[in-house]
J.: 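One structure, as structure tokens, below. Some questions next.
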Amino acid sequence: MSATSPAEPLLRALRYLYRLPMLAWHVLVHLPVVMVLMVRGGAPAHAAIRWWARGLLRVFGMRVERQGTPLAGGTLFVANHISWIDIIALHSQHMMGFIAKSEIRDWPLVGWLTAQAETIFLRRGNADSLGQVMGEMRERLRAGRAVAAFPEGGTRDGTALGVFHARIFTAAVEADAPVQPVALCYGTGCEAQPIVAFAPRESFMANFVRLLGEPARPARVCFLEPILHAEHAGRRGIAHTARERVAQAMAVA
């Protein structure tokens, strides 16, 4: 039913009525179990994170559909960026350490989870922080650990795909690691991208609460054909190819 329907406020209230208890159970009961496994680390921790992420998406009425297969080992995953829930969608399918803005540390719940899930935090506008992040990415890739980044440099409004900045691909080139583009698509034909995206001046909590009341919709995570730097003209060629593949996947989703 359309968001402009006279019945939508009532339907939204009903969604809050049954989703809030689901959220409370997922946080108060399921999360402590995940926290214990995360402390132990290894494969059980990674499986627990995927399980918890899938559960959180279900709380928000998002039915995850995966296309393609994530590469194992040291791979740089790059995806379009709409909202905080992109991290949850990717973690629901594969364990990867994200490059994320340092402000996320302060976000309730999501900040703690991302910190525990091998996130590399970047202080935007700080050249020293960027250098440290690039070095950490390179070492993780060489060690066979997956890293994920949003090469648009920040969230978008959902109406268009931004430029993929080439610098983020440097670590993959230096580590001789493959790059796998991932297209994230919310709603049928990606029609819900602007709804999932942050509204102008919308805070994390405001977006969180708003999305909790949204109608159920599919969330598609499309793992696309990997890119090897030896087959392309350096990091700029990789960035261009990755963006093209994501755009093509979103166009036919």
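Treat the numbers as computed from the prediction; the structure is a model and nothing was measured.
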J.: I'd like to know whether H240 forms a ring pair (Phe, Tyr, Trp, His ring centres under 6.0 Å) with F164, so could you lay out the CA-CA distance, the side-chain angles of the two residues, the decisive distance to 0.1 Å, and finally the verdict.
T.: CA-CA 7 Å; H240 176 74; F164 277 23; over 10 Å; no
J.: Has E152 got a side-chain atom pairing as donor or acceptor with H81's backbone, closer than 3.5 angstrom?
T.: yes
J.: Determine whether V246 and V252 fall in the same hydrophobic cluster, where Ile, Leu, Val, Met, Phe, Trp and Tyr are linked whenever their side-chain heavy atoms lie under 4.5 Å apart.
T.: no
J.: I'd like to check I227 versus Q180 (side-chain heavy atoms, cut-off strictly below 4.5 Å). Are they in contact?
T.: no
J.: In Å, rounded to the nearest 0.5 Å, how long is the span from CG of D176 to CZ of R138?
T.: 13.5 Å
J.: If you measure SG to SG, does C222 sit under 2.5 Å from C185?
T.: no
J.: Would you check, one step at a time, whether the test side-chain contact (heavy atoms from CB on, under 4.5 Å) holds for L228 with I238?
T.: CA-CA 8 Å; L228 301 179; I238 296 174; over 6 Å; no
J.: Any side-chain heavy-atom pair from I85 and Y186 closer than 4.5 angstrom?
T.: yes
J.: Do V179 and P226 have side chains that approach each other closer than 4.5 Å (heavy atoms only, starting at C-beta)?
T.: no
J.: What residue pairs, at least two apart or across chains, pass disulfide (SG to SG under 2.5 Å) with a residue in residues 133-183?
T.: none
J.: Would you check if I120 and R140 make a side-chain contact, meaning some heavy-atom pair closer than 4.5 Å?
T.: yes
J.: To the closest 0.5 Å, what do you measure between CD1 (I99) and CZ (F77)?
T.: 13.0 Å
J.: Can you check whether R167's main-chain N or O pairs, donor with acceptor, with T170's side chain at less than 3.5 Å?
T.: yes
J.: Do you know which two heavy atoms are closest between M96 and A148, and how far apart they sit?
T.: SD-CB, 3.3 Å
J.: Any donor and acceptor pair, going by atom type alone, linking the side chain of D86 with main-chain N or O of S83 inside 3.5 Å?
T.: yes
J.: Drop me the distance from E225's CD to T241's OG1, to the nearest 0.5 angstrom.
T.: 10.0 Å
J.: Are any side-chain N or O atoms of R54 and backbone N or O atoms of Q93, one a donor and one an acceptor, separated by less than 3.5 Å?
T.: no
J.: Quick check for you: to the nearest 0.5 Å, what is the distance between M137 atom CE and R145 atom CZ?
T.: 12.5 Å
J.: What heavy-atom pair brings V221 and A89 nearest, and what distance separates the two atoms?
T.: CG2-O, 3.9 Å
J.: Between E214 (side chain only) and V196 (backbone N and O only), is there a donor and an acceptor less than 3.5 Å apart?
T.: no
J.: Counting only N and O atoms by type, is there a donor-acceptor contact under 3.5 Å from the side chain of R15 to the main-chain atoms of G213?
T.: yes
J.: Between L76 and A172, which heavy-atom pair has the shortest distance, and what is it?
T.: CD2-CB, 3.9 Å
J.: Between T159 and Q193, does a side-chain contact (heavy atoms from CB on, under 4.5 Å) hold up when you go through it step by step?
T.: CA-CA 7 Å; T159 60; Q193 306 289 82; over 6 Å; no
J.: Might you point out which heavy atoms bring I82 and G158 nearest each other, and give the distance in Å?
T.: CD1-CA, 3.9 Å
J.: Run the side-chain hydrogen bond (donor to acceptor under 3.5 Å, both in side chains) test against R210 and tell me which residues pass, sequence neighbours left out.
T.: E202
J.: Do Y16 and V209 pass the side-chain contact (heavy atoms from CB on, under 4.5 Å) test, and can you show the C-alpha distance, the side-chain angles, and the key distance before you say yes or no?
T.: CA-CA 9 Å; Y16 284 130; V209 172; 3.7 Å; yes
J.: Using atom types as modelled, flag every donor-acceptor pair under 3.5 Å from a side chain in residues 20-35 to any protein atom, sequence neighbours excluded.
T.:
unit_1: W25; atom_1: NE1; unit_2: H30; atom_2: NE2; d: 3.1
unit_1: H26; atom_1: ND1; unit_2: H30; atom_2: ND1; d: 2.9
unit_1: H26; atom_1: NE2; unit_2: W52; atom_2: O; d: 2.9
unit_1: H26; atom_1: NE2; unit_2: W52; atom_2: NE1; d: 3.4
unit_1: H26; atom_1: NE2; unit_2: L56; atom_2: N; d: 3.2

J.: If hydrophobic clusters are built from ILVMFWY residues whose side chains come within less than 4.5 Å, do I195 and M250 share one?
T.: no
J.: As an exercise, state the distance from CZ of R220 to CE of M62, rounded to the nearest 0.5 Å.
T.: 13.0 Å
J.: Answer with yes or no whether the hydrophobic clustering places L37 together with W51; edges join I, L, V, M, F, W, Y residues whose side-chain heavy atoms lie under 4.5 Å apart.
T.: no
J.: Closest approach of L211 and R19, non-hydrogen atoms and distance?
T.: O-NH1, 4.1 Å
J.: Which distance, rounded to the nearest 0.5 Å, do you find between the CG of L224 and the OG1 of T69?
T.: 11.5 Å
J.: Looking only at atom types and distance, does a side-chain atom of R156 sit under 3.5 Å from a main-chain N or O of P194, one as donor and one as acceptor?
T.: no
J.: May I ask whether F204 and V59 are part of the same hydrophobic cluster, defined by side-chain heavy atoms of I, L, V, M, F, W, Y residues being less than 4.5 angstrom apart, directly or through others?
T.: yes
J.: Can you tell which of F98, F60, F150 makes a ring-ring contact (aromatic ring centres under 6.0 Å, His included) with W84?
T.: F60
J.: Within the 4.5 Å heavy-atom criterion, are V182 and N80 side-chain neighbours or not?
T.: no
J.: For G74 and P178, work out which heavy atoms get closest and say how close.
T.: O-CD, 3.4 Å
J.: Quiz question: by atom type and distance under 3.5 Å, do the side chains of R50 and S92 form a donor-acceptor pair?
T.: no
